**Q** 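Once you've had a glance at the structure underneath, I'll fire off some questions.
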Amino acid sequence: MSKFIKENKFNIFIFCFVFLIMLYSFLSDRGLLTRTFRWLTDNDYRLSIASKQHISVTENNIFEFWNYLIKKTLFRFDYDLIFSTKIFQLIIPFFGVLSIYKYFNFHNSLFKYSLNRVKNYKKSIFKNIFKTSIGVSFAIFFAYLIIMLICYKLGNGVFGRVVVERDVTPRTLYLDILGRNFYYNHALLYWTLEGFTRFFIMPFIYTFFGCSIALISDNKKVVLIAPALYYFGFTILSFGLIALLSFGYYFSPSAIMASGDYNVNSFLMLSMAFIPFYIGTGIIFLGNKYVEKT
């Protein structure tokens, strides 16, 4: 166990950090943090809650108070999950930084020179980068799954008011393939699939891209910021394209992370999202000047 923790300490840290961000976003959006803080700091508020005859909350019992809050709060599975994860549209390319940093140091260590003894050195590089990227993705996706199950349990799988009353879906990714009723009939499966795209595939792509840049640049700062530069650079560029072309948002790396109800061609959007992965793979297999091989 200690060996596993030592080898995966970056990924464990990422998991904990991502989970806490999602949990904070969820609790903050539902107003639970504000009311808990008031309970802890406002004696009159505690007394007023404890004095209500129809609830069983003693004055200094935070657990009873939380039980009261959870029963009182109206949870909605899909909306709660959307607002728990919406911030990641802005920060998703940064979560591979620790692993990219680790790989940069690893590649520029004795590993770089040991490639002389590897027959298929490009395959070895690809394998190491792939393994690094997969570890980050598992950490982030596992945190998402826990939050998703919390939202599903508290919301009892109930949709948001707009979804029910207006018969609309807050997300449309994959529904052009699976059909619109898939969202209503298999909500948990849908959000697992979409979460896999946003919190496994996307972190994998940008970690892989950043690690591949380490093969052609000895500048650590360039390597670490390259994924974010690509992500935000093309997102900004897409704003202008959207004004000119109806399909301009396909060029935005952040579009797939957004909780929008626009109609999309899921296959095309995924294909465009993989461009950094294509670039990284090209760096590995089409170039070799960065590898000292005799």
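Just so it is clear, the model here is predicted, and its values are computed rather than measured.
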**Q** Is the backbone N or O of T132 less than 3.5 Å from a side-chain atom of S99, with the two atoms forming a donor-acceptor pair by type?
**A**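 Between the backbone of T132 and the side chain of S99 there is no qualifying donor-acceptor contact (under 3.5 Å).
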**Q** Out of F130, F126, Y103, which residue meets the ring pair (Phe, Tyr, Trp, His ring centres under 6.0 Å) rule with F208?
**A** F126
**Q** Do the side chain of T73 and the main chain of L69 share a donor and acceptor less than 3.5 angstrom apart?
**A**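 Here the side-chain-to-backbone pair exists.
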**Q** Find out if a path of hydrophobic residues (ILVMFWY) with successive side-chain heavy-atom gaps under 4.5 Å connects M202 to I236.
**A**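 No, because M202 and I236 fall into different hydrophobic clusters, even though each may have its own neighbours under 4.5 Å.
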**Q** Applying side-chain contact (heavy atoms from CB on, under 4.5 Å), can you list everything that pairs with S25, at least two apart in sequence or on another chain?
**A**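 Here the qualifying residues are I21, I87.
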**Q** Between S238 and S252, which heavy-atom pair has the shortest distance, and what is it?
**A** OG-CB, 3.1 Å
**Q** I'd like to check the side-chain contact (heavy atoms from CB on, under 4.5 Å) partners of S266; sequence neighbours left out, ordered by chain and number.
**A** L173, Y174, D176, I177, V264
**Q** If you define the side chain from C-beta out and look only at heavy atoms, does anything of L178 sit under 4.5 Å from L193?
**A** yes
**Q** With sequence neighbours left out, what residues match F138 under ring pair (Phe, Tyr, Trp, His ring centres under 6.0 Å)?
**A**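 Applying ring pair (Phe, Tyr, Trp, His ring centres under 6.0 Å) to F138 gives F200.
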**Q** Report yes if the side chains of L20 and Y24 come closer than 4.5 Å at any heavy-atom pair, otherwise no.
**A**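 No - every pair of side-chain heavy atoms lies 4.5 Å or more apart.
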**Q** Could you pull out the closest heavy-atom pair between V18 and A143, with the gap in Å?
**A**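 That closest heavy-atom pairing would be CG1-CB, 3.8 Å.
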**Q** Just verifying a value: how many Å separate F274 CZ and I205 CD1, rounded to the nearest 0.5 Å?
**A** 4.5 Å
**Q** Measure the shortest side-chain to side-chain distance between P203 and I92 over non-hydrogen atoms and say whether it is less than 4.5 angstrom.
**A** yes
**Q** In this structure, which one of I213, V136, N105, L224 forms a side-chain contact (heavy atoms from CB on, under 4.5 Å) with I100?
**A**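 So the option named by the test is L224.
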**Q** Nearest 0.5 Å, what's the CZ-OG distance between F209 and S133?
**A**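 Answer rounded to 0.5 Å: 12.0 Å.
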**Q** Roughly how far apart are E194 CD and I201 CD1, rounded to 0.5 Å?
**A** 11.0 Å
**Q** Report the distance from atom CZ of F285 to atom CD1 of I125, rounding to the nearest 0.5 Å.
**A** 9.0 Å
**Q** Is L229 isolated, or which residues cluster with it under the ILVMFWY side-chain rule of less than 4.5 Å, directly or via members?
**A**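 I225, all in the cluster of L229.
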**Q** In the structure I gave you, are the side-chain heavy atoms of C151 and F75 within less than 4.5 Å of one another anywhere?
**A**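 No. Closest side-chain heavy atoms not under 4.5 Å.
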**Q** Considering residues at least two apart in sequence or located in another chain, which fulfil the side chain to side chain donor-acceptor pair (under 3.5 Å) criterion with T36?
**A**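 T36 satisfies side chain to side chain donor-acceptor pair (under 3.5 Å) with W66 only.
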**Q** Just jot down the ring pair (Phe, Tyr, Trp, His ring centres under 6.0 Å) partners of Y144, sequence neighbours excluded, or say none.
**A**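 Residues passing ring pair (Phe, Tyr, Trp, His ring centres under 6.0 Å) with Y144: F199.
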**Q** Please lay out, stage by stage, how F77 and M148 fare under the test side-chain contact (heavy atoms from CB on, under 4.5 Å).
**A** CA-CA 8 Å; F77 167 53; M148 182 189 72; 4.1 Å; yes
**Q** Between M257 and T85, is any pair of side-chain heavy atoms under 4.5 Å apart?
**A**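 Answer no - side chains too far apart.
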**Q** Can you sort out the partners of F94 under ring pair (Phe, Tyr, Trp, His ring centres under 6.0 Å), two or more places apart, ordered by chain and number?
**A** F232
**Q** Would Y231 and I91 count as a side-chain contact (heavy atoms from CB on, under 4.5 Å) here? Give the steps.
**A** CA-CA 10 Å; Y231 184 86; I91 61 178; over 6 Å; no
**Q** Can you check whether F83 reaches R30 side chain to side chain, under 4.5 Å on heavy atoms?
**A**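 Contact flag for F83/R30 side chains = no.
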**Q** Please name all residues satisfying salt bridge (charged side-chain N to carboxylate O under 4.0 Å, His left out) with D42, sequence neighbours left out, ordered by chain then number.
**A**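 With sequence neighbours excluded, D42 shows a salt bridge (charged side-chain N to carboxylate O under 4.0 Å, His left out) to R38, given in chain and number order.
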**Q** Taking side chain as C-beta onward, heavy atoms only, is P253 less than 4.5 Å from Y206?
**A** yes
**Q** Nearest 0.5 Å, what's the OG1-NE2 distance between T192 and H186?
**A** 12.5 Å
**Q** Could you work out, with side-chain contact (heavy atoms from CB on, under 4.5 Å) as the rule, every residue matching K123, not counting sequence neighbours?
**A**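 Partners of K123 under the side-chain contact (heavy atoms from CB on, under 4.5 Å) test: N120.
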**Q** Just to verify, what does R35 make a salt bridge (charged side-chain N to carboxylate O under 4.0 Å, His left out) with, not counting sequence neighbours?
**A**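 Here no residue qualifies.
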**Q** Rounded to the nearest 0.5 Å, what's the gap from CD1 on I140 to CZ on R198? Could you check?
**A** 12.0 Å
**Q** For F17, does the CZ atom have more than 12 heavy-atom neighbours from other residues, nucleotides or ligands under 6.0 Å away?
**A**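 No, not enclosed.
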**Q** Considering only heavy atoms from C-beta outward, does the side chain of I275 approach that of Y278 to under 4.5 Å?
**A** yes
**Q** If I compare all heavy atoms of A214 with all of V223, which pair ends up nearest, and what's the gap?
**A**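 The answer is CA-CG2, 3.8 Å.
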**Q** Can you sort out the partners of I146 under side-chain contact (heavy atoms from CB on, under 4.5 Å), two or more places apart, ordered by chain and number?
**A** F15, F19, F142, I150
**Q** Check the hydrophobic clustering (I, L, V, M, F, W, Y; side-chain heavy atoms under 4.5 Å; chains of links allowed) and say if M272 and F267 are grouped together.
**A** no
**Q** Who pairs with F234 by ring pair (Phe, Tyr, Trp, His ring centres under 6.0 Å), at least two apart in sequence or on another chain?
**A**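 Testing F234 for ring pair (Phe, Tyr, Trp, His ring centres under 6.0 Å), a comparison that skips the adjacent residues, returns Y230.
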**Q** Just to verify, which of T207, L215, T281 counts as forming a side-chain contact (heavy atoms from CB on, under 4.5 Å) with I129?
**A**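 Among T207, L215, T281, the one that satisfies the side-chain contact (heavy atoms from CB on, under 4.5 Å) with I129 is L215.
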